[in-house]
Amino acid sequence: MSNAPAAKASNYKSAIQPTRAENFPEWYQAVVKEADLAESSAVRGCYVIKPYGYGMWENIQRELDARIKECDVQNAYFPLLIPVEYLSKEAEHVDGFAKECAVVTHHRLEKGPDGKLIPASPLEHPYVIRPTSETIIGETIKNWIQSYRDLPCKLNQWCNVMRWEMRPRVFLRTAEFLWQEGHNCLETADGSREDALLMLSVYKDLMENCLALPVMEGEKTADERFPGAIATYTLELMMQDGKALQGCTSHDLGQTFSKSCDIKFQGRDGKEQHAWTTSWGLTTRTIGAILMAHGDDDGAIMPPVVATYQVAIIPFLKDDAGKDALLGYCNKVKTALKAKGIRVSLDASDVRASNKTWDAIKKGIPLRVEIGEKEMAEGNVTHIRRDLGKDSKQTVSVDEFVNNAERLLQDIHKSMFEKAKAFRDSHIFDVKTVDEVRDFFKADKAGFVRADVSILEDKALEAVRKEFAITPRCIPFSDSGKKVLLGKSY
RNA sequence: CGGAGUGUAGCGCAGUCUGGUAGCGCAUCUGCUUUGGGAGCAGAGGGCCGGGAGUUCGAAUCUCUCCACUCCGACCA
């Protein structure tokens with residue numbers, strides 16, 4: 001933005017206000033609203049995901065589900081309600097979630113004296129609405145597993161969960177959210193560790209190749225671990241304000257849950273033993289990550305692989321006389337693109353073309369196709385890349401465009417990834433001492449600092465962590481466990 | 001759950017300090033003229049000022065009390 005040519009500075013106005021530099025959190029909310037992705041609901045902390053936003057989630061689901069199944073995981077579904085006793089069996093687990101559980105205590109409503117409905121018929125055994133399903137899945141599959149021949153047992157469910165958050169933020173932290181949670185059961189300690197890492201690699205594939213998000217893969221420090229896990233692996237993402245967002249999570253649960261749920265099997269040696277389990281999840285938060293990693297001051301920029309629409313066709317209608325012919329031409333282009341498997345929107349409404357254009361920009365549709373009488377007369381289309389802006393405008397024949405559209409989308413993906421990666425790489429700074437950590441965040445610089453893991457032992461770090469609200473994000477694999485990344489996070 | 005802020009038309013805001021029955025911009029509707037990076041002119045419609053209680057002849061404005069949202073923390077995907 002700062003290097004925008006002075007010539008157009010006079011009439012330049014970003015579509016989203018405030019800009020990222022002016023106020024990042026407010027910019028984020030404006031992007032969500034202007035792109036028509038979601039809105040707040042009557043229920044505190046719960047949001048309505050609107051069709052344009054839900055379309056992204058469906059595409060993320062499709063891509064991730066296929067990859068999960070490649071790992072021989074089967075989909076299943078377990079109840080929304082979990083008996084409170086289940087949760088209380090694992091001490092660390094209950095500590096981790098007890099504070100944020102919604103509890104179902106009654107099973108009926110009746111009219112009170114003032115005509116209002118009040119809960120009636122208290123439940124003898126209350127339920128919690130699942131914050132996660134380790135316990136109920138464990139209690140179920142213990143009956144499915146008797147022998148090493150029943151292993152591995154790999155299950156996944158797509159569902160909603162509820163965690164009573166105090167400070168909700170659309171997509172990033174909501175009381176109810178959508179995710180998949182995988183729960184695998186393995187034969188050995190090595191098996192569960194390798195499995196947790198395998199699922200992490202699936203997420204990495206999704207992030208890089210579908211969401212165009214560069215990741216920092218690593219292990220969480222002990223205090224950042226999932227309650228009950230022996231190791232938590234993560235993909236940390238960097239947002240454009242330099243804050244971290246945890247992109248997914250994959251836990252090696254060891255025998256914690258197999259012991260509390262009593263998942264036992266007879267091993268190859270004939271001896272009975274507890275199984276080794278993993279759990280791994282990815283949520284609708286990834287949509288927030290996409291917005292904050294790729295968006296610019298004109299709004300969202302959607303990665304082509306999961307974009308609800310990959311191409312927006314915008315007819316430039318001059319008058320009613322030529323309307324039918326022009327829309328017919330646009331529809332032909334749309335049909336040709338759809339035949340190539342490309343998701344296309346065509347805005348045939350009477351709204352002014354320039355407003356349709358801005359709508360497509362704010363929604364972040366990767367490719368915009370403008371079609372007016374000029375194009376129609378010559379058998380052409382004009383196309384513009386969202387990530388590069390109007391300087392990328394090109395006019396080519398319909399055939400050429402249709403044949404090249406897939407490659408154009410791939411190019412967009414590639415440059416989005418490279419741009420995000422360049423940002424990430426230029427916002428990680430090596431430091432040696434706690435004082436350098438303090439100096440970095442005191443100067444209000446954006447990004448992470450990378451230090452030797454021994455810094456975690458330094459007593460002085462605690463005060464700095466508190467003062468600037470920084471946490472260890474992960475111990476990246478890339479430094480073979482010798483370094484730790486510290487930063488602010490969502 | 002702690003600290004701070006904001007609730008007035010679909011959206012963004014002014015008006016509140018100093019009480020007198022509500023205004024601006026955008027959007028919407030109508031008409032004409034326009035049309036390739038947010039159109040122009042003319043006209044029109046739309047709000048019991050977040051809810052409740054109180055003070056007052058009179059409350060958007062003062063008092064009390066709820067509620068919601070936003071930001072910064074704590075907690076987390």
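Numbered from 1 within each chain, the chains take letters A, B, ... in sequence-line order. Basis for what follows: all heavy atoms, side chains included, without hydrogens, waters or symmetry-related copies. Because the structure is a prediction, the values reported are computed rather than measured.
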Identify, with sequence neighbours excluded, every residue that meets salt bridge (Lys or Arg N to Asp or Glu O under 4.0 Å) alongside [X].
X        : result
A:Lys419 : none
A:Lys220 : A:Glu236
A:Glu181 : none

Looking only at side-chain N and O atoms, does [X] come under 4.0 Å of OP1 or OP2 in [N]?
X        : N     : answer
A:Arg44  : B:C69 : yes
A:Ser40  : B:C69 : no
A:Gln246 : B:C76 : no

If you look at every strand shown and take non-hydrogen atoms under 4.0 Å, does [X] touch a base, only sugar-phosphate, or nothing?
X        : result
A:Thr382 : base
A:Gly281 : nothing
A:Leu172 : base
A:Glu375 : base
A:Phe97  : nothing
A:Tyr233 : nothing

Would you say the side-chain atoms of [X] pair up with the backbone N or O of [Y], donor to acceptor, closer than 3.5 Å?
X        : Y        : answer
A:Asn59  : A:Ala307 : yes
A:Glu165 : A:Pro168 : no
A:Thr19  : A:Glu22  : yes
A:Lys393 : A:Thr382 : no
A:Lys356 : A:Asp347 : yes

Pairwise [atom1] distance for [N] and [M], with rounding to whole Å:
N     : M     : atom1 : answer
B:U28 : B:C66 : C1'   : 35 Å
B:G46 : B:C41 : C1'   : 22 Å
B:C11 : B:U70 : P     : 15 Å
B:G43 : B:G51 : P     : 34 Å
B:U16 : B:G7  : C1'   : 13 Å
B:A27 : B:G73 : P     : 37 Å
B:G3  : B:A74 : C1'   : 12 Å

Residues in side-chain hydrogen bond (donor to acceptor under 3.5 Å, both in side chains) contact with [X], at least two apart in sequence or another chain:
X        : value
A:Thr221 : A:Asp223
A:Asp399 : none
A:Ser279 : A:Glu134

Output the rounded distance in Å from [atom1] ([X]) to [atom2] ([N]).
X        : N     : atom1 : atom2 : answer
A:Asp223 : B:C76 : CG    : C1'   : 13 Å
A:Arg169 : B:A68 : CZ    : P     : 19 Å
A:Phe441 : B:G73 : CZ    : P     : 12 Å
A:Tyr28  : B:C69 : OH    : P     : 16 Å
A:Leu245 : B:A77 : CG    : P     : 11 Å
A:Met376 : B:G36 : CE    : C1'   : 15 Å
A:Glu100 : B:C1  : CD    : P     : 14 Å
A:Lys243 : B:C71 : NZ    : P     : 10 Å

Distances for protein N or O near nucleotides 4-14 of chain B N or O, under 3.5 Å:
unit_1 : atom_1 : unit_2  : atom_2 : d
B:C11  : O3'    : A:Lys33 : NZ     : 3.3

With the criterion being N/O to N/O and under 3.5 Å, what pairs connect the protein with nucleotides 28-34 of chain B, and how long is each?
unit_1 : atom_1 : unit_2   : atom_2 : d
B:U34  : O2     : A:Arg352 : NH1    : 3.4

| query | A:His93 and A:Phe257: aromatic ring centres closer than 6.0 Å? | reply | yes

| request: With a 4.0 Å heavy-atom cut-off, tell me which residues in residues 359-370 of chain A come close to RNA chain B, sorted by residue number. | output: A:Ile361, A:Lys362, A:Arg368, A:Glu370

| message | Below 4.0 angstrom, which residues in residues 467-474 of chain A have at least one non-hydrogen atom near RNA chain B? | response | A:Ala469

| said: Using the six-membered base ring of B:G37, report whether A:Trp358 stacks on it, requiring centroids under 5.5 Å and planes under 30° apart. | reply: no

| request: Decide whether A:Arg130 and A:Thr132 meet the rule of one side-chain donor and one side-chain acceptor closer than 3.5 Å. | output: no

| request: Verify whether one side chain among A:Thr234 and A:Arg473 offers a donor that lies under 3.5 Å from an acceptor in the other. | output: no

| query | For RNA chain B, whose closest nucleotide is more 5', that of A:Gly247 or that of A:Pro168? | reply | A:Pro168

| In the structure shown, which nucleotide is the Watson-Crick or G-U wobble counterpart of B:G19, with both distances under 3.5 Å? | none

| said: Taking pairing as Watson-Crick or G-U wobble with both contacts under 3.5 Å, can you name the mate of B:C24, or confirm there isn't one? | reply: B:G12

Among [options], which nucleotide has an atom closest to any side-chain atom of [X]?
X        : options             : result
A:Arg173 : B:C71, B:C75, B:G37 : B:C75
A:Met166 : B:A77, B:C1, B:U70  : B:C1
A:Ala15  : B:A77, B:G38, B:G37 : B:G38

| said: Tell me whether A:Asp350 is salt-bridged to A:Lys323, with the criterion being a basic N under 4.0 Å from an acidic carboxylate O. | reply: yes

| query | Which pairs count as side-chain hydrogen bond (donor to acceptor under 3.5 Å, both in side chains) when at least one residue sits in residues 239-251 of chain A, sequence neighbours excluded? | reply | A:Arg20-A:Gln240, A:Thr232-A:His251, A:Asp241-A:Tyr490, A:Thr249-A:His251

Distance-only donor-acceptor pairs under 3.5 Å for side chains of residues 195-209 of chain A, two or more places apart:
unit_1   : atom_1 : unit_2   : atom_2 : d
A:Asp195 : OD1    : A:Asn184 : ND2    : 3.1
A:Asp195 : OD2    : A:Asn184 : ND2    : 2.8
A:Asp195 : OD2    : A:Thr278 : OG1    : 2.7
A:Ser201 : OG     : A:Leu198 : O      : 2.5
A:Tyr203 : OH     : A:Gln180 : OE1    : 2.5
A:Tyr203 : OH     : A:Trp280 : O      : 3.4
A:Tyr203 : OH     : A:Gly281 : N      : 3.0
A:Lys204 : NZ     : A:Glu217 : OE2    : 3.0
A:Asp205 : OD1    : A:Asn209 : ND2    : 2.5
A:Asp205 : OD2    : A:Arg67  : NE     : 2.8
A:Asn209 : ND2    : A:Asp205 : O      : 3.4

